[in-house]
Student: 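Can you keep this structure in mind? I'll have questions shortly.
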2 protein chains.
Amino acid sequence: MRSGVSKAERAREAAIPVLAEVFREHGYEGASLALLGDRTGLGKGSLYHAFPGGKAEMAEAVLDAIETWFETRIYAPLRDEPDPSVALDRMLTETDAYFRSGGRACLVGAFALTDGRDRFAVRIARYFTGWRDALAAALTRAGFNPGDAADRAEEAVSAIQGGLVLARALDDPAAFGRMLARLRPRLDPSEGATPGR
Amino acid sequence: MRSGVSKAERAREAAIPVLAEVFREHGYEGASLALLGDRTGLGKGSLYHAFPGGKAEMAEAVLDAIETWFETRIYAPLRDEPDPSVALDRMLTETDAYFRSGGRACLVGAFALTDGRDRFAVRIARYFTGWRDALAAALTRAGFNPGDAADRAEEAVSAIQGGLVLARALDDPAAFGRMLARLRPRLDPSEGATPGR
DNA sequence: CGTCGTCTGTACCGATCGGTACAAAATGGG
DNA sequence: CCCATTTTGTACCGATCGGTACAGACGACG
């Protein structure tokens, strides 16, 4: 620890987004160390120096990074932004950007469906409950009664995942945008009672 | 081919549901031949005798079986059932049963998200377009205008996938049932214009 | 510039991967 | 019962899996 941040730490931070992309594309089992090494440009030595726990620690670091990103960019604003409609708009905008308008899958959703489920169950569940609960809080402040807000929040989180699956399955990223468009009015209390189409 | 059906063919048919379950739980990469063999009770010899193409052929056979099941049990009724509301009710009931009320993931969705995407892209896309288009036809016959019907059909297929992801991520199968409950009124033209909640 | 801790490429580990070869065993028609 | 065919267990293949060991390259500090 000569300087403030060791090289290993910097390598770790730099590697995480790349690791995330590989896990996103191939799942946990499908992301081999060879692939992880190639894409990050790090040899095995460096990789294990930055992540002594191996592949499992890499996946955990990626999940932590994702959780932090959503917590600061989406969940916290949903809870704390004075104007809930601003927070809701921001959520939709940030979500669209994060998932590259449907061009990018959800790593957490992919892990939930298959191989990573048992291994990372706690983190996976926390990602979704965090989103759902923060969204429910915003919807309540926006004027929905708590029960309705909770229901719509779960619907929104579920719908986003569905949109990502469909966009990927049809190789049609625009399906994700259409899903967001359908979702938007349902999060608006003025349209919520009798949503038009 | 002494008798009408060879033993290999019978073994193949008997193995497919088990193979489906293993692929569902572990994904394509995660489902090893050892696991596939153990769960089907078939040795490598038998497995390769029934599926000469190996693991890829097993997955294809499973995807074909799934497509056939949905085609006969859901898509065809959606297209052909004289009373579209009967077909829609049947779709929801059959879907709930097929996915064990959220206790079972969707293999096609899991493949779409990760490892099987490139390998099985055509079959994956066909599964979803088949469902969406058959549903859109039923909704049109039920009274929605074609554009609205297509939109609601896409929404329904997407929502079902989202419900499965969420149910699995939260380890809360009931989330799938809640999603179906939200979906039902949106497929009903009498409630569709101003859906209550 | 020398030194010492950090970093990293490489060789290697046992296990397992998907797949093949093949001989023995089961099977069923004549 | 016989024999041809189908079915199956087992041994084995090269490749790759995740992970370890470690020697030497590197880099910051005295």
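As the structure is a computational prediction, the values presented were derived from the model and not from experiment. Lettering follows sequence order; numbering is per chain, from 1. Values below: all heavy atoms of this structure, side chains included; hydrogens, waters and symmetry mates excluded.
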Student: Under the salt bridge (Lys or Arg N to Asp or Glu O under 4.0 Å) rule, what pairs show up with a residue in residues 135-144 of chain B, not counting sequence neighbours?
Tutor: none

Student: Between the protein and nucleotides 14-17 of chain C, are there any N/O to N/O pairs under 3.5 Å, and if so, what are the atom names and distances?
Tutor:
unit_1  : atom_1 : unit_2   : atom_2 : d
dC17(C) : OP1    : Ser32(B) : OG     : 3.2

Student: Rounded to whole Å, please give me the gap between CG in Leu36(B) and P in dG18(C).
Tutor: 8 Å

Student: If you assign each of Gly43(B) and Tyr28(A) to its closest nucleotide in DNA chain D, which residue comes earlier from the 5' end?
Tutor: Gly43(B)

Student: How many Å lie between CZ on Arg119(B) and P on dG18(C), as a whole number?
Tutor: 11 Å

Student: Give a yes/no answer on whether the side chain of His49(B) brings an N or O atom under 4.0 Å of OP1 or OP2 in dT8(D).
Tutor: no

Student: Starting from C1' on dT20(C), measure out to CG on Leu47(B) and report it in whole angstrom.
Tutor: 14 Å

Student: Strictly by side-chain hydrogen bond (donor to acceptor under 3.5 Å, both in side chains), give each pair with a member in residues 26-42 of chain B just once, sequence neighbours left out.
Tutor: Glu25(B)-Arg39(B)

Student: Rounding to an integer number of Å, can you tell me how far Tyr48(A) OH sits from dC13(C) C1'?
Tutor: 13 Å

Student: Taking atom C1' of dT20(D) as reference, at what distance in whole Å does atom CZ of Phe51(A) sit?
Tutor: 18 Å

Student: Between Leu19(A) (CG) and dG18(D) (P), how many Å, whole number?
Tutor: 13 Å

Student: Can any side-chain N or O of Arg186(B) pair as donor or acceptor with the backbone N or O of Arg152(B) at less than 3.5 Å?
Tutor: no

Student: Tell me the side-chain hydrogen bond (donor to acceptor under 3.5 Å, both in side chains) pairs involving residues 53-74 of chain B, sequence neighbours left out?
Tutor: Arg12(B)-Glu57(B), Asp64(B)-Arg123(B), Glu67(B)-Arg126(B), Glu71(B)-Arg79(B), Arg73(B)-Glu94(B)

Student: Can you list everything that forms a side-chain hydrogen bond (donor to acceptor under 3.5 Å, both in side chains) with Thr93(B)? Sequence neighbours excluded, please.
Tutor: none

Student: Please list, chain by chain and in numerical order, all residues satisfying side-chain contact (heavy atoms from CB on, under 4.5 Å) with Arg117(A), sequence neighbours excluded.
Tutor: Arg168(B), Asp171(B)

